[in-house]
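Here's the structure, in structure tokens; my notes come after.
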Amino acid sequence: RDFVDHVEAVDIVGVSISNLVAVWVYLACSFRYGSDDLDLIGMNYRKDIWIQRQQIYPVVGTKPANTPMQEALLKKCEDQGHAFTFNIDTNLPCSVGLQPAPEDVGKACGVDYEVKAYIANEADDPDEKINKKDTCRLIIRKIQFAPGTIPAGPQADISKNFMMSDKLVHLEASIEKELYFHGDPIPVKVKINNETAKVVKKIKITIDQTTEVLLYQADKYTKTVLNEEFAEEVKGESTLEKTFTVIPLLSNNKEKRGLAVDGRLKDEDTNLASTTLIRPGMDKGMQGILVAYKIKVNLLVSSGGLLGGLTASDVGVELPLVLMSPKPADCEMGDSYVMIFWHA
């Protein structure tokens with residue numbers, strides 16, 4: 001039920017349906033921005049981003065040759081099987097959801113993909129009522145793995161002076177590579193050169209997730225997914241060079257409503273949403289939800305003495321971060337298949 005976005009193409013969605021009557025099928029990519037209970041009062045908070053329909057039976061026109069996987073599925077269906085495939089557009093978004101609060105019920109907001117097979121006279125006749133027992137649905141997931149080549153990581157630096165002093169505090173932060181996998185430790189290298197008489201009391205490292213919802217309104221917000229403080233003191237006219245390791249995890253952010261997470265199937269576990277990769281020429285508005293991350297390194301600098309805490313100030317830098325899932329060793333671009341059993 002996972003279909004991989006290989007950047008240049010997306011796995012074909014291939015399905016076999018078992019039945020001997022006329023059947024239509026569609027694959028829809030939709031964005032949900034409201035709960036199920038709102039649908040009951042006539043307000044449908046669901047927008048179709050992309051949809052394809054085709055008639056499965058009776059067969060219309062020519063069909064592409066079945067793949068070996070489809071042939072294997074058709075053997076299970078015996079003589080009542082009918083195979084079909086969908087090609088997912090490469091500009092479509094990956095599956096992503098917005099984490100509900102613990103008290104929320106129903107489907108979460110986000111982007112999902114659904115395969116639906118149904119019996120009908122027409123593919124999409126609004127006046128034709130389709131019996132629920134003549135319909136079957138399956139949620140699938142479009143995912144994207146990290147590219148094979150990972151560039152070197154970013155570096156940022158700043159020099160800041162303070163009132164009544166011509167001396168500077170220099171801060172430099174860097175990470176080894178641009179992209180890290182979900183759950184992997186992220187080493188953040190920090191260099192501090194404190195030329196002043198002030199004292200660096202502690203170092204704070206945070207990782208922020210910025211989510212931009214594009215479809216129903218211009219909504220952009222930031223949530224902190226990691227916040228750690230290190231009691232490293234750098235006295236006046238001294239230096240520090242040290243690497244701090246941090247790991248942003250969804251398990252530490254379960255209570256944060258609206259946090260973007262990778263799409264899930266049923267109640268299985270997932271992780272923080274992967275960074276959205278925008279290819280040249282891609283329609284940004286079609287993505288539904290854009291996700292980005294950044295690391296912030298801040299120094300708390302005080303004057304020392306009894307009033308040092310009251311006169312403290314921050315020195316900080318930001319680093320862009322890409323979070324994604326690793327590509328499995330056996331994941332090659334090709335066909336992925338799902339099997340739906342249709343009961344008359």
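Values below: all heavy atoms of this structure, side chains included; hydrogens, waters and symmetry mates excluded.
- Annotation: side chain of Val25 is in contact with side chain of Val115 (closest heavy-atom distance under 4.5 Å).
- Between Val200 and Glu232 there is no side-chain heavy-atom pair separated by less than 4.5 Å.
- Side-chain atoms of Glu195 never come within 3.5 Å of backbone atoms of Gly236 as a donor-acceptor pair (strictly under, hydrogens ignored).
- A donor-acceptor contact shorter than 3.5 Å links the side chain of Gln70 to the backbone of Phe84.
- Side chain of Gln99 to main chain of Lys256: a donor-acceptor pair is present (N/O by atom type, distance under 3.5 Å, no hydrogens or angles).
- Heavy atoms of other residues, nucleotides or ligands lying less than 6.0 angstrom from NZ of Lys223 number more than 12.
- Connection of Leu249 to Leu323 is not established within any shared hydrophobic cluster, with ILVMFWY side chains joined at heavy-atom distances below 4.5 Å, either directly or through further cluster members.
- Other residues, nucleotides and ligands contribute only 12 or fewer heavy atoms inside 6.0 Å of the CZ atom of Arg257.
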Would you sort out whether Gln54 and Ile56 count as a side-chain contact (heavy atoms from CB on, under 4.5 Å), showing the intermediate values?
CA-CA 6 Å; Gln54 59 177 274; Ile56 302 304; 3.8 Å; yes
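- Going from atom OG of Ser95 over to atom NZ of Lys142 covers 8.0 Å, rounded to the nearest 0.5 Å.
- At least one donor-acceptor pair closer than 3.5 Å links the side chain of Asp262 to the backbone N or O of Ser274.
- Taking a cutoff of 4.0 Å between a charged side-chain nitrogen and a carboxylate oxygen, Glu228 and Lys204 do not qualify as a salt bridge.
- Side-chain contact check for Ile186 versus Ile295: some heavy-atom pair is nearer than 4.5 Å.
- The hydrophobic cluster containing Ile278 also contains Leu214, counting ILVMFWY residues as joined when their side-chain heavy atoms lie under 4.5 angstrom apart, directly or transitively.
- Checking side-chain atoms of Glu318 against main-chain N and O of Ala156 turns up no donor-acceptor pair under 3.5 Å.
- With respect to Lys202, the side chain to side chain contact (heavy atoms under 4.5 Å, CB included) criterion is satisfied by exactly one of Leu300, Val234, Leu299, Asn298: Leu300.
- No side-chain heavy atom of Lys294 sits under 4.5 Å from any side-chain heavy atom of Leu321.
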What verdict does the side-chain contact (heavy atoms from CB on, under 4.5 Å) test give for Leu27 and Trp50, after you've listed the backbone C-alpha separation in whole Å, the side-chain angles of each residue and the deciding distance to 0.1 Å?
CA-CA 8 Å; Leu27 172 63; Trp50 176 89; 3.8 Å; yes
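- When all heavy atoms are compared, the tightest approach of Leu319 to Ala173 is CD2-O, 3.6 Å.
- Within the 3.5 Å criterion, the main-chain N or O of Asp314 finds a donor-acceptor partner in the side chain of Lys160.
- The CG atom of Leu290 sits 5.0 Å away from atom OG1 of Thr276, with the distance rounded to the nearest 0.5 Å.
- Glu241 contributes atom CD, which lies 4.5 Å from atom NZ of Lys191 (distance to the nearest 0.5 angstrom).
- With values rounded to the nearest 0.5 angstrom, Glu71 atom CD is found 9.5 Å from Leu73 atom CG.
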Would you check, one step at a time, whether the test side-chain contact (heavy atoms from CB on, under 4.5 Å) holds for His170 with Asp157?
CA-CA 7 Å; His170 303 276; Asp157 60 82; over 6 Å; no
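- Linking Ile, Leu, Val, Met, Phe, Trp and Tyr residues whenever their side-chain heavy atoms come within less than 4.5 Å places Val111 and Tyr221 in a single cluster.
- Side-chain contact between Gln209 and Thr211: present, with at least one pair of heavy atoms (C-beta onward) separated by less than 4.5 Å.
- Once rounded to the nearest 0.5 Å, the distance linking CG of Leu168 with CZ of Phe162 reads 9.0 Å.
- A donor-acceptor pair under 3.5 Å links the side-chain atoms of Asn253 to the main chain of Val225, judged by distance alone.
- Ile88 CD1 to Tyr113 OH: the interatomic distance, rounded to the nearest 0.5 Å, is 6.0 Å.
- Taking the charged nitrogens against the carboxylate oxygens, Glu237 and Lys235 have no contact shorter than 4.0 Å, which rules out a salt bridge.
- Taken together through direct or relayed side-chain contacts under 4.5 Å among Ile, Leu, Val, Met, Phe, Trp and Tyr, Phe230 and Leu240 form part of one hydrophobic cluster.
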Test side-chain contact (heavy atoms from CB on, under 4.5 Å) applied to Leu250 and Leu259, step by step
CA-CA 9 Å; Leu250 177 59; Leu259 190 70; 3.9 Å; yes
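- Transitive grouping of hydrophobic side chains (ILVMFWY, heavy atoms separated by less than 4.5 Å) brings Trp24 and Ile51 into a common cluster.
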